[in-house]
Each structure stands twice: as structure tokens, then as C-alpha cells.
Asks: 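I have a structure I would like to understand better, so I am pasting it below and will then ask my questions one at a time.
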Amino acid sequence: MKAFAQLFLSLDETNKTNEKVKVLKDYFNCVPDTDKMHMLALFTGRKSKRQINSTQFRLWAIEALKIPSWLFEESYHVVGDLAETIALLFPQNNTGGSSKTLTEWIAEINNLSTYGDEEKRHWLQQSWQLLDTQERFVFNKILTGSFRVGVSQSLVVKAIADIADLDAAVLTHRIMGNWRPEDYTFRELIQPQQEAEDISRPYPFFLAYPIQETSTVQKSVEDLQQTLGEASEWQAEWKWDGIRAQLIKRDGQLFIWSRGEDLSTDRFPELHPFMNELPDGTVLDGEILSFRQGKPLPFNVLQARIGRKNLSKKILEESPVALIAYDCLEYEGKDIREKTQTERRELLEHLQAKTAYPDVFNISTLIDFDSWESLSRKRQQSREMIAEGIMLKRKSATYQVGRKRGDWWKWKIDPLSVDAVMIYAQKGHGRRADLYTDYTFAVWDGDKLVPFAKAYSGLTDAEINKVDAFVKRNTLEKFGPVRTVKPELVFEIGFEGINKSTRHKSGVALRFPRILRWRHDKPKEEADTIETLKAFLE
Amino acid sequence: MPRKPLLEFTDRGIYCPQGKFYIDPWKPVDDAVITHAHSDHAYLGHKHYLAHHLSREVLKYRLGDIQLQTIAYGETINKNGVEITLFPAGHVIGSAQVRVVYQGEVWVVSGDYKTEADGVCEPFEPVKCHHFISECTFGMPVYQWKPQQQLFDEMNNWWRQNLENNLATVVVGYSLGKAQRILQNLDLFNGKVYTHGVIENTNEALRRNGIELQPTTRITPDTPKEEVRKGIILAPPSAVGSAWMRKFGPYSFGYCSGWMALRGAKRRRAADRGFVLSDHADWNGLISAIDATGCECVYLTHGYTASFTRYLNEIGFNAREVHTLYGTEEEEAASPQDSPTNLPKGEASNEGEVNKVLSAGEDLGEVGILGGAKDLGEAKGGAI
Ligand SMILES: [Zn+2]
Ligand SMILES: [Zn+2]
């Protein structure tokens, strides 16, 4: 545990990629193999079942600390992170911390399922006393399942790939899917050839790189020609707004993985009949969308369904799903990611041509275009197509791992935007726990400002500092963590979509609102009105 | 008729009506007693100043030609029948608690203080009193300091590692107090100490005052960069992210402040290393100091005043929160420069990668970036 706590601290203390990889390698080189796999599971977001709920966690901490609960809560408010708060509140001890390994600690944690509450409490309070501050922090993180590190999976993969002298893409594939650190060994992970492949294992997704545009700066035909070359080397499709998914049929079994690497086979029963019909050894990549009468429905219809625990008959009727397939990664049991886009597309078309369920197994239509100019014009139809824009794929490209610049691009339609006034502010979390970073925005409804969106990303750190200072000096009222601020600052708010909403005062709900820029040039009177916003609803 | 309190809180500062003097006033007055030379306590514009001997040169350096009288710790001065005595506050060199006695009633104004002896300034000395006016910059139980030896061992090791990795070493700390405390604890076996002008000016003032400091070299445009990179650079917070600092790169930079105890604050400082080093008392230090005064009533001037007051009352003290303008100076003076790193914007973000922020100018060693920073707009004076 000491090494793991130190790893966390060292990663926290550097923002340089090379140093992070070095720190990761140092860690791998000094801990037992079982620790390596537990670390990998934690760093790739594999959570084990939570054994102690957050009420117990708080309650038992307050009891062991012997402080009033309000002081505990205020401390939490100052720190912004429960695991860290508890780590800091216990007295600094001089016991030198714990000598148990990460594997041993996790075994103890998993063993808690056999404990009663009283035993759990005793174990937890004793562990807190035993660990030093930094260990206590990572321990709390593991225990509460809130483990997040400032390190991307690709860096961890790079460190292991360097140590084991393996290809990073191979490793990335090997750590996908369903595995438990208790029964996947480090040896298996790094051996040159893996014998028993896990049949459910998906391939790492290839992600498109955005063509950057704002509402004021658009890419010209010349820009496209310059960056992408000849239009004839590219394949274009609509960019659908659904759930990115990989559909696997192997050994007669079906697996549906969503982009977040969640196994969601049971969430989409409509897709099973066509998948059952696929030959064994087939893997498709595509987008799952709600469809009615052959037409995609807006994302919020699908979202309503994702939110439900149980798929009632009603839900299945209201938002039936279908697949728009756009790639084939495995064909006749063979990994075909090294084939070109055009070759893979042919195989995909071949599979789809044979399906008895063409309503559910759709294939993404290729957009017909002969120049960047004609594609630019086609892109203007995105909204009518219920698409977010256009996907560009180089015809000669292989299917790669992760977000790579070069062969796959997403070219979204103009971001929707309005100018709005900031009216509430709230402190951020984690590293921003001491700054006002979360804002609520309003537009004019007559002479009143109505809130319509919350947004927190999009400003530079320097701007955040300035807004933070403004908030502190211009607070009108405080309710709990929220401050009402003097309406004065105007921001341009971009969003991906808009829907009617009865739950919101403004009558609309935005999708992915974000701050595009601070409009220093606009007084609050010139912010947009609710009518402008509603016009986007059509 | 009940007598007026010996000290009262006014919109100019802490006032003694009987003695007709102020303690650490923030508006111009005739007679000011100054606890220490930090600029939220020692303002310009008073007619007469009284402070400790060791504050003399720094006050003159910072405030120019002022009418200043200095005394020793334990020495008593009488103003209109009120006795004033200074006691060590352990905060920075020359920092003092001010004891005010009149007709058997004893008040102590702590100024800023810390309870751990730092080996540089005279250690904090608890003073018995009826009324204690205390700061509580770090008055939350999440702030618990490690012994400074442990921190300085870490700092010296980090310096050695940087030398091995061909990195320059930059340590950032407030120019009066933190800088000298760091300087005196550096292992000069590793190399020489180079100082930013602002820090060196303070060092020179202290040396003029007879303080012996380890040798330092002021960085000038002529100082060879390669020499500086082999030593260690002491810089004030305002230098963070500046062109001045960048020219010594590649470097590793360490930030010394009590706020470094929190990950969030540490990330925001963009420091490669955060050293949790403060010249203020931590949670346990505050409580033990207040307890040691045996006071009937304690007044909390700056920091987490609301929560700390509530807690003290719950555990049996008679505590009151008062509004002052202390603890605000550095934030007020700060003009954060534009940060070279932007936050992730929408889809362009690197998932999971941490973006670090550089914002220069603020000194966290003194000013609460959390609840500690009282907004000027909210601060008001008023008699108790
Ligand atoms: Zn001070
Ligand atoms: Zn102060």
C-alpha cells in the first residue's frame, strides 16, 4: 500500500507525460505482480462492489474522530473530497503506516461482504488509525469506489508496454472487457501470445479527432484541402448522435459493449435477433439510436430509456432502438483492423446485405460528394438528418486505437449558441474546490432573467480566477454553497441540442451546455432573450 | 456604569481608547503599534509607529521614512497609563504579540503566530490574559502540520534529485518569513542559494538589523544562468510563471504554503512539489495557544472565523468572531497574469490528463484562498 500511495502522490506532482510514465514504470518494477494487476484494475476504472455505504463511512469517521458532525461537514466543504477530508482529519501518526500490500488490502476489503456492520465499523476505524495520511487517502478512494487519477489509460499501457516489450495496441486490447485482477495474472497479460482469449473482449474504439470550429471561425474549402488533401481519398458519413457501441458474436454468444466499456447486452434486446443471425466471429462497430419508422429520434428519447433500470414494455415501445453499423472489426473470426477502410466497408456491406432484419441492422449511408465544396453544402443538411455533422474517414485507413489525429475526423455543424448572464455561482470540486467554477446562466424574459443552463467548462484558468474574484466581491445572497451574484457578466453559451422541458423554469433543457467565451464586449442588457432560445426549438 | 472595554474594534483597526493608540490599524492614525511588518498589518500613513527592534529595517525598507520607535520583547512602554509589552509570536523575524494592561485588565493581540519553533525567529510565548485577540488562518481541523525537519529533509532531497536530473530548483515562498525560514534550513552542501531581488532586499534589511542569514547571491541580469541552475533559487509567489522564472528552465518548482495541504490548492498552484510549510499555527496549534492564555474571552480576527468560533464555544471557550482587514493584503495586491495553460475545452480535452494552472502574484502563505479570505466588501469594523 505504501508504494501505491507513493505512486498516487508522485503522479499528482507532475504534469509531464514522460515523468508520469517513469513514475508508473518505477511502480511496476517494485511491486508484486498481483499488485500490478490490482493497480491496473483501479486505474482503468474497474470498481469492485462497494462494501461500506457513504452514510456509514461518514458516521464512523465522525465517531472515530470525536468531532461534531457539522465540523466534519464544513471540513468536507473546504476540501471538496470525502476521501481526502477523512485522510486529513485523522491525527498524523508516527507508526510508519501499513506494511500490507495493495493486494492484501483489497482482499480485506472484498472480505467485508462476510462481515456484519459492527465488524465493518471496527475494521474501518482500526484501518484509519493504522494508515498514514497518504495511504489513508488512497485507501478511502478504493473503498468508496471513487478512484480517479490524473493519468490516462494510454500512459499506463505505455509503461507496461515498455517494461514487457509489447506493442501498446496489443496491450490496450488485452485490458479491455471483463476481467478481474483476482483471476487475470500479469504473466498472462504480457506473454507474447495469449492462448485463451476472453470471447467477450471488445476491441479498443477508434475515435475521431474534431475539426475545430467555433460559431465565428469556420473551416474553408481551402483549409480542408490543405489539411486533408484530395476529397476523393475520403469517405463521408453522417455523424449520428447515439451510443457508440461494439457488437460481438462469438461462439454463439452475444456481447454489446458501449463506449464507456460497459457490457450492455441486456439493455438492447431488439438487437439480439439480428446478432444471433450473424456468423460466429463477427464484431461490428456502430451507433445505437432510437428509431421510429426508419428515422432516428433525438438523443433525449434514447436518454430517457438509458436512465431506466427496468425496460418496461412501454419504454421498448416508446423508444425502440436500432443499430447504424459503420465498421466491421472481426470477420470470420479474424481481426481485420489492419485492412483498409474500403475493404472493411465491403465486408460490412456484405454482412448487412444478408440480414433478415434490415430495420434494426442499418448501415450508415455514404454521403455522395465530389469535392470539399459539395461536402460543405451537404453538411448544412445535418440537422434535417438528425445528425450532429459529418464523419470523415480516409479510405486507406486501418482501424486504430483511441483518439488519433489523421484518418478519422468529426466535423460537427455550427454549435448552437446564445449570450447569457451569469446569475449564480458555486464552488467546484477536487482541484477547484476553492474556486467558484460552476455557473448558472440566464436569458431575458421581459425584464426578468430566467435561468436556463448550468455550465462549468470552457474558460481559461486566468478567466476562472477573474470570475472567482468577481463572485466573491459581488455576492448578493448565499444559500448553502450557492451564491447569487450581481447580474453583470455575459458569456456566450454553446450547446449541442435543445428540448422542451416542463421541469425547467425557462421551459427548455439544453444538451451539453458549455461556455464558448466571455463576452467582455456586451453589457447584460444585450444578452439574448428566451424567445431567441425557444426559436431553436423550431 | 460599566467601563468601556480596554480594546475595541473600529473601522480603523483595533483601538485602545484609554491609551489612545491603535494596533495594526489599516487606516492612517496618530499612534500605531505594529505586530509585524507584513503589509496587511503594517500600513503606510501613520504618524508614529511602535514595533519590535527586529522589525525596524524591514519596516523602513517597506514603508520608507517613518517615525518609528522599537523595543525588545518583554520591554514595557507606557501610553497614557496603559502598559504595552511585546512578546514573541513566532510568526516571522520581529513579529510580536502585543500585551496591553490597564488597571489589572490584560489584553493580548496575537497578530499572526505559529506555535512550532522554526529556529529562525524567537519562538511563540503564551501570555496569560483576560482577553485574547487571535488569528485563525488555518482554523479547520484538516490543517495539521508535520514537524518542519521532515519537510526540510524532503526539500533537500528533492534539490539533490533535481541536480541529478539536470533540473534547476526553484522554491517559492513569501519574501518575509518563509524565505528566511527556508534559507536557514537548506543544505548548502548541495550548492549555492540564489535569490530574487524582492527576497534579497528583505534579506539585506534583516542583515542590517543584525540577523545572520546563510549566504545568498542576488540574481541580476549578469548572473550566469548555468551557475544559477546548479544552485537553488528562492523566489516570491509573484515570480511564478513569469518570464524571469522561465529563463532558468527546465526546472522543478516547489511551493511552500500551508494551503499545500489540500490537493486542490496544490494543483491550482501548478507546483511540481507542494511543501506544507506555514508561518501560521495549525488547528492544534491554535487551540493549544488559546488554551494556554487562560483567557476569559477570545476574539477571532481572520481565517475560518465562523467555524472556529463555533467550535471553540462548543468546547467551552468564550469565543467571538470579529471583522478586520487582516489576511487580505496579498490577494488584494495580486494581479494574476494570464495563464499559459488553458483549461480543456469541450472535446479537445485530453481525457484524464491534468492541466496545471499558473497564476502568479498571489501569496498563499498569508491569505486564505478558501474561507479564509474575507472579502473586503464584507469586512466591517465596529465596537464589540
Ligand atoms: Zn503575517
Ligand atoms: Zn496577516
Side-chain angles (χ1 to χ4, degrees), chain A residues 11-17 65 67-68 70-72 74-75 77-81 84-85 88-89 91-92 133 137 148-155 210 212 403 410 412 415 428-435 457-466 469 472-475 494 512 514-516, chain B residues 140-147 165 250 252 259 261-268 270-274 284 304 306-307 310-311 314-315 331 334 336-359 362 368-373 375-378:
Chain A
L11 289 173
D12 245 9
E13 284 179 339
T14 177
N15 60 346
K16 297 181 187 83
T17 305
L65 288 162
I67 62 170
W70 66 264
L71 186 58
F72 180 88
E74 287 201 8
S75 299
H77 193 74
V78 163
V79 177
D81 178 286
E84 190 183 352
T85 308
L88 291 170
L89 283 173
Q92 313 237 0
T133 311
F137 171 63
R148 269 175 66 197
V149 270
V151 152
S152 63
Q153 178 174 305
S154 63
L155 290 191
Q212 300 273 11
R403 197 179 303 283
K410 53 180 169 191
K412 291 196 174 185
H429 281 282
R431 79 180 178 106
R432 297 255 189 74
D434 47 7
L435 283 172
S457 67
L459 294 181
T460 64
D461 284 347
E463 286 173 327
I464 288 176
N465 285 334
K466 284 187 193 141
K472 287 176 179 159
R473 262 147 241 247
N474 294 279
T475 298
F512 293 138
R514 63 201 182 278
I515 304 165
L516 297 180
Chain B
M140 282 302 258
V142 293
Y143 298 106
Q144 301 179 41
W145 311 149
K146 285 193 218 168
N165 298 330
S252 176
W259 304 112
L262 305 189
R263 290 177 75 226
K266 193 156 104 179
R267 290 264 181 84
R268 198 162 83 81
D272 297 308
R273 287 294 289 263
N284 296 314
Y304 295 96
S307 333
R310 177 172 174 192
Y311 181 73
E314 283 187 14
I315 61 170
E331 195 171 50
Q337 293 163 15
D338 277 6
S339 127
T341 30
N342 288 351
L343 282 172
K345 269 188 194 145
E347 311 208 55
S349 70
N350 289 325
E351 286 145 51
E353 287 295 321
V354 176
N355 269 287
K356 294 207 172 183
V357 193
L358 292 177
S359 80
E362 259 176 284
I369 51 169
L370 302 158
D375 308 334
L376 263 183
E378 290 172 7

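Remember, predicted model here, so these are calculated numbers, not experimental data.
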Asks: Mind listing the closest non-hydrogen atom pair of Leu88(A) and Val142(B) along with its distance?
Replies: CB-O, 3.7 Å
Asks: Using modelled atom types only, decide if a donor and an acceptor are shared between the side chain of Glu74(A) and the backbone of Ser307(B) within a distance under 3.5 Å.
Replies: no
Asks: Contact part of Phe137(A) toward chain B, heavy-atom cut-off under 4.5 Å: side chain, backbone, both or neither?
Replies: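 Just its side chain gets close to chain B.
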Asks: Can you give me the closest heavy-atom contact between Gln144(B) and Leu89(A), atom names plus distance?
Replies: NE2-O, 3.1 Å
Asks: Give the member of Pro141(B), Ser252(B), Ala261(B) that has the highest number of heavy-atom pairs under 4.5 Å with chain A.
Replies: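 Ranked by contacts with chain A, first place is Pro141(B).
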Asks: Going by the rule side-chain contact (heavy atoms from CB on, under 4.5 Å), which residues pair with Glu463(A) if we only count those two or more places apart in sequence or in a different chain?
Replies: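 By the side-chain contact (heavy atoms from CB on, under 4.5 Å) rule, Glu463(A) matches Leu459(A), Thr460(A), Trp518(A).
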Asks: Side chain to side chain contact (heavy atoms under 4.5 Å, CB included) for Leu262(B) and Val78(A)? Distances and angles first, verdict last.
Replies: CA-CA 9 Å; Leu262(B) 305 189; Val78(A) 163; 4.0 Å; yes
Asks: Using side-chain contact (heavy atoms from CB on, under 4.5 Å) as the criterion, list what pairs up with Pro68(A), not counting sequence neighbours.
Replies: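 In terms of side-chain contact (heavy atoms from CB on, under 4.5 Å), with neighbours along the sequence ignored, Pro68(A) is linked to Trp70(A), Leu71(A), Tyr311(B), Glu314(B).
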Asks: Check this for me, if you would: do Arg263(B) and Asp12(A) make a salt bridge, where the nitrogen-to-carboxylate-oxygen distance has to be below 4.0 angstrom?
Replies: yes
